[in-house]
Amino acid sequence: MARAAAATAGFMIVPRHVLGGQGFTPPSDQLTKAIIGVGGMGRGHYGYEGRLLAVCDVDRKHLADALAAAGKDVKGYSDYREILARPEIDVVHIATPPHWHALMAVEAARAGKDIWCEKPMTRTIGEGVRVVEEVNRHGRIFRLNTWFRFKDTFYGLGTDVKPLKKVVESGVLGWPLTFTVSGITGYDWKFYWSGQTDLKPQPVPPELDYEMWLGPAPHKPYNVHRVHANFRGYWDYDGGGLGDMGQHYLDPVQYLLGKDDTSPIRVDVDAPQQHYDAAGSWRRIEFTYADGCKIILDGENKDTEAAYITGPKGKIFRGFRSDLPKLQESIASRPDPEPQIATFSDSVRSRRKFALNESNGHRSSTIVNLGIMAVRLGRTLHYDPVAQRCVNDEAANRLIDQPMRAPWVL
Amino acid sequence: MNTHLSTCRRVAAVLAIFLLGIGAVRGAAAQDVRLLSTKVADILAQFPGDSAAKRDKLAAEVLALGEPGVAEFAKRLVPAGTGNDTAVRFALNAVSVYASQAGEPQRALAERALCAALGAASDTEVRTFLLSQLQPLGRDATVKAAAPLLSDPAMVEPVTQLLLSVNSPAARAALMRAVGEAAGPAKLTMVKALGEMKAAEANDRILALAGDADVVVRKTALAALAHIASAKSYATMVQAAERAEFRYEPANATGALIEYAKALAAKGDRGAAEKVCRLVMTKTDDADRLPTRVAALGVLANARGQGALPDLIAAVDHRDPEYRKAALLFAEKLRAPANVRQWTAKADKVDAERRAEIILMLGRQGDKASAAYLRAALAAQEPVVVMAAAESLAHMEHGAANADLLALLKRSSDSQARQVGDILLWTTDEARLEPLAAALDTLSPSAKAAAVRVIGAKSGRRYAARVFALTSDSNPEVRAAAIGALAGVAGPGDLPALLRLLETTNEAALIDEVQKGVVASARQMTPADAGAKALVGAMNMSAHPERIIEVLPQVGGPQALAALVERFNGPDIKGTAFRGLVEWRGPEASERLLAIYTGGEAVYRDQAFNGFVRQVGSSSLPVEQRVLQVRKALGAATTARERRSLIRALGGMKTYQAFLVAASYLNNAELANDAANAVMRIALPTPGVRDGLGGTLVRDALNRVLQVLTGGESDYDKENVRAYLKTMPQGEGFVAMFNGKDLTGWKGLVENPLARATMTPQELATRQAAADAKAMTTWSVRDGTIVFNGKGDNLCSVRDYGDFEMIVDWRITRDGDSGIYLRGSPQIQIWDPARKDVGAEVGSGGLYNNQKNPSKPLVFADNPVGEWNTFRILMIADKVTVYLNGTKVVDNVTMENYWDRKQPIFPRGAIELQAHGTDLAFRDIYVRELGGPTPTLTEQEKAEGFVPLFNGRNLEGWIGNVTGYRIDEGVMTFDPNAGDRSNIYTAKEYADFTFRFEFQLTPGANSGVGIRTPNQGDAAYVGMEIQVLDDTAPVYAKLQPYQYHGSVYGVIPAKRGALKPVGEWNTEEISIRGSRITVTVNGIVTVDGDLVEASKAGTIDKRDHPGLKRASGYIGFLSHDTVVRFRNIRIKVW
């Protein structure tokens, strides 16, 4: 009980008007927000903190439904740029399919908005680099909408991340560590989020502005399976279960490994040949860091004895079981991890980075995108985490720098 | 399979073939007489490759066909929606990916071929596809082929993307030529690309667009100009931003100007970059435009590097904290001891607020040179400075900061003490508690409370006595902190003290904390139930028994559960005890809650139900048990809401019974959608695991699921269901032996199988009719179950069964006795375990009549008499496996023949429900027949002494990789994805023999038969390998003759051409006597040689083959990377 309160108290979060000193007036007591993309995911953002002023969607039905469920002060838009131009909106929530995230985040940063962005952060590494640059450049606060590094039990592992972090930091497992993310350790790679390989062109429904839905993505003939809720199965917009769930699963791993400012240097993959358009399944992806730490994505649950964390001196299995005697009992006695800001408005008001922000979010998004690149290319990739480029692999770097369709430009 | 062609060498092999393809296509064609179209079809049939290696191998095969070959593929592309050209797209994409990595000749060939295809294509979508596949390959040939398409508005975007990807002078020139002619969106596309190419030659043309009336044109032009970063653009870009008042607007002129400055700096023109930034900063000093000012400062800082320090230091004087903090984030990156001095000098000159901000920046920056300043700042007057320093120092030094933080704690005010305590939580471990504990007496009450909290949080057991003493402190804050720390410090011996405290504490919040301490202490006691025992004892003496009841769920164990049940059944604190049951952790209470729900008082019904659903869903009980509990609850459910919860819970239980129950609600309008979700979850495989359900009943139910599923992500779900329907195991699967209504399919019992065999058909028919009539009076159907009235004979299936899997639920009453006869023979035992006189305490499920083999169940797994039990029975050959309520009680045990102990169990016979004088019930009887044809030898083979080596049902008689081979319908299939890829061997060794088998190849398949080999190592050398290979596959076009199918690998080449087309079954005989060996494939002798002769001057592969000298060894199948099937395997030993 006492510890939960302590985590944020260490930060000395002070209301903005106090930080502003004498004469400083806060814009409002409560942050105001707008949501771009109000399909299934965006509607989930209604309940997050902040007073909703505007929603935006390129599907008129989605927009009408969203407005019907919103308060009377909420205004609807079909062009997100009109929302960015409204000065009284503090925070922009981006809940579109991933191919729009970078563009909207960058434009929102330029417009002086703080940003609450759905996962996956960006669908290419190049886009992520731009988001980091523009968010930092404009001094914006950015939160990625996954949370397992700072709250709740995460997925099937059945434990809070905090005791795991304490164990990892204590060094009792030794170093380097290997993380295995599979059904055995409690995760589901959702291979049913795969695309179809022979989509027939269909008429665009009248309520949908398909050109705007595609936005920066290459033009492909409309089919209902490309859009709402189905887009996850296509490389142009997302990356299957790996693309869509990967950041949920891998961001806490990155946090636990303390690798928020770097990336793996090598990715090995075992997968069937991939379609050029539709994401498919894969068997195994292995990420290796410069210090020998590894992340193994076991898509087939092949290692039935897999531990979530394997170190030279001990293992931690799903449900926090361990081969180390008395590990549970000794956890409390170790130092707590440094506190993280886990309430977005605290971050906005104090202008201190949110626990999962553009910077570490970009790095976990990078792991996902490296995995997608390796699956698509079907080969080992060598990556330079400082230059954020693949080494001697132009085809791979082309996937880092996929150009946007005009007139969209980052 | 041999290492020469194994994965590690595959690349070389592919390359060799590839080079052959380029240099001497005709040479390859001379060996392979198939028409080009046939070859294309053969290759296409293999797409998509099941691995990247396979993809590359296939791509190399495509390229080996040369440009005409690739054209043959591209010709098969069709416009989207007019046919399925998926395989072709996979093939061309494979070529694109492979050729971009395989070397210049391949890249150039692929580029030429795809450009030719582009020239031949006319459909927009097909062209777009080809252009996208050229991206990793494109050079100037691509530019030449693609540029003419820029005149087609529909092609502008994909062509431009390709030119952008090529980004050569020729590509830029092509765009420059086209942009002059273009208009509208096409022009924008090209302008954007020229900008991204940083094409300076385009600058003037784009400048002209920067003032366009169309906002999108302006935006695109300004962004392009920013990228190109020509000095000539300065005035235009600044004007555009000024028109936008340096605000965000849709043309993004301000953002473009900032980007322009960055690009200028990147080109080396720092002066111009700085000029832009300073201009922007002077125009954006109001709150609205502050983010832009920040951006300008950021670009300036990046451009000037260390030289930007004065600007950043000056930014600290800004009135707006948001601006200051952003500036300090930029400053954080300029890390140098000299900078630290400048920052600390600045900090000393500014107000506390700003000083704190600088200190936090120094902490994040983490330069050791700032540590001394941070330490000194701990003694500052202003709390905001002190806490910033404390946090920064802790961040930099962790435990090494503890002494300073303790000193700070000692002098801290109340509110500050709490904050310092919070920081100590992340700098302190148990080993650093001593100074804190030693200082306790000297601390102010608030500081003492903070210190005690840290001791509790870090499990400072050594200080338990101190903490206990403080639980009666006169200061309420200290007392509360001490009580809160109890859970952390309490040991197993502290329970009495904690229980005393529990009696005397009165504040609700503190009782809660004492209870946590009680739980912590009780859980540490040994043996495991000692804590629960002590608590139950204390509860009976307590004035507040409910306080103890409340902790019992967390302490756990049978004693605690029994106490909860007892108290629930008692008069006093029923409600508290009930909450304890609801909150119980672990599987043990779900049964109790179910009982309360089904039979208890109305006030508890809802909560009991909710608790039950939660516990049964997460319980560690075997899933079969949980399904039984859910079924029982369903029987008692009265509302749709309850049924819905239960059906949802079934969705997480992957058993056939759960499927049956869920599927039974598919036609219930109110519950169909939940039932559909549950059926889908149960029936479909877990990703990566082969645990999907099969069979007609499942197929029918899933088709129904497709009709009823709605809401949420149902499109995905349906897609998933459809995909599974296509790939799910074929065959009938489980069929119902009992229709739930009458005894159709069942008959009476006549004597035993041996006695029946001696009867004439007439006699048997008469006796059967009498037995049937009798059975129908003693066995009947009630409420969907088969029941027995306690008198009469067994009830027998009309059908006979050989190998099968069976599921059945059964229920007996007190002293009950029954069993399941398999193939007409007794029996899998069912009896009341209370009957100790007959040995029933071992439980049900054993093979009761076994004498030589185990007859008792491995473990006791019965449910109480009167409750339902679930059997899953597997009978394969003479072996039986039984699961009782999800627990394996018989593990692959030989079932003896009770009627004639000299002979093995009959090959087929009826399944019988045993009658044994007590009332019984059975329900949900399903059977799935297994196994294909038992191996049959021809009369001649029998006469010659052949024996089967493979029983067609399981891998009995085989050793090694028994998990990599799947058995279906008498066929042994190697699946490289199933598991292990190593070899499988006969359990016995053989010297001289004739070995016959049938095999079926898949395209490019590679396997082998090891003979006279040890059961490990590379059989081709340590023994001998008779090659099994699709030597017609293009990839094997350049094989050495000693690698052809049938060769004694590396030693004696085989004649080629005896194989049937890939996919058909082949017969083969390998006969070896002494050093003589013959191999006969489909009746054609392909090898007839002498091993000594063939190796006396060295083997033809020039490798060492020590295995040739072996006189005997195992026979093995050597499959590795491809699917191969074998059947009808038999041997004659000479």
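Lettering of chains follows the sequences in order, A, B, ..., and the numbering in each one begins at 1. Both backbone and side-chain heavy atoms feed into the values below; hydrogens, waters and symmetry mates do not.
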* Asked: Salt bridge or not for B/Glu322 and A/Arg351, using N-O below 4.0 Å?
  -> yes
Below 4.5 Å, heavy atoms only, C-beta onward: do [X] and [Y] meet side chain to side chain?
X        : Y        : answer
A/His275 : B/Asn93  : no
B/Asp429 : A/Pro335 : yes
A/Gln273 : B/Asp56  : no
B/Val97  : A/Arg379 : yes

Between [X] and chain B, which part of the residue has a heavy atom less than 4.5 Å away: side chain, backbone, both or neither?
X        : answer
A/Ile331 : neither
A/Arg398 : side chain
A/Ala111 : both
A/His225 : side chain
A/Arg376 : backbone
A/Glu134 : side chain
A/Gln274 : backbone
A/Pro337 : backbone

Distance (rounded to the nearest 0.5 Å) between [X] [atom1] and [Y] [atom2]:
X        : Y        : atom1 : atom2 : answer
B/Ile423 : A/Glu338 : CD1   : CD    : 10.0 Å
A/Lys166 : B/Trp426 : NZ    : CH2   : 14.0 Å
B/Leu188 : A/Trp408 : CG    : CH2   : 11.5 Å
A/Asp198 : B/Thr86  : CG    : OG1   : 4.5 Å
B/Tyr248 : A/His138 : OH    : NE2   : 11.0 Å
A/Glu133 : B/Lys262 : CD    : NZ    : 3.0 Å

* Modelled atom types, side-chain donor and acceptor of B/Thr254 and A/Arg110, under 3.5 Å -> no
For [X], which atoms come within 4.5 Å of any heavy atom of chain A: side chain, backbone, both, or neither?
X        : value
B/Thr428 : backbone
B/Ala94  : both
B/Val156 : neither
B/Asn252 : side chain
B/Phe330 : side chain
B/Tyr724 : neither

Check for a donor-acceptor pair, side chain of [X] on one end and backbone N or O of [Y] on the other, with a separation under 3.5 Å.
X        : Y        : value
A/Lys200 : B/Thr82  : no
B/Arg55  : A/Leu377 : yes
B/Lys325 : A/Gly139 : no

Using a 4.5 angstrom heavy-atom cutoff, name the option from [options] with the most pairs to chain A.
options                                : answer
B/Arg289, B/His227, B/Glu259           : B/Glu259
B/Pro185, B/Gly298, B/Ser165, B/Ser100 : B/Ser165
B/Pro136, B/Ala723, B/Ala356, B/Ala326 : B/Pro136
B/Glu249, B/Glu196, B/Arg461, B/Gln135 : B/Gln135
B/Gln101, B/Lys219, B/Gln133           : B/Gln101
B/His395, B/Lys192, B/Arg432           : B/Lys192

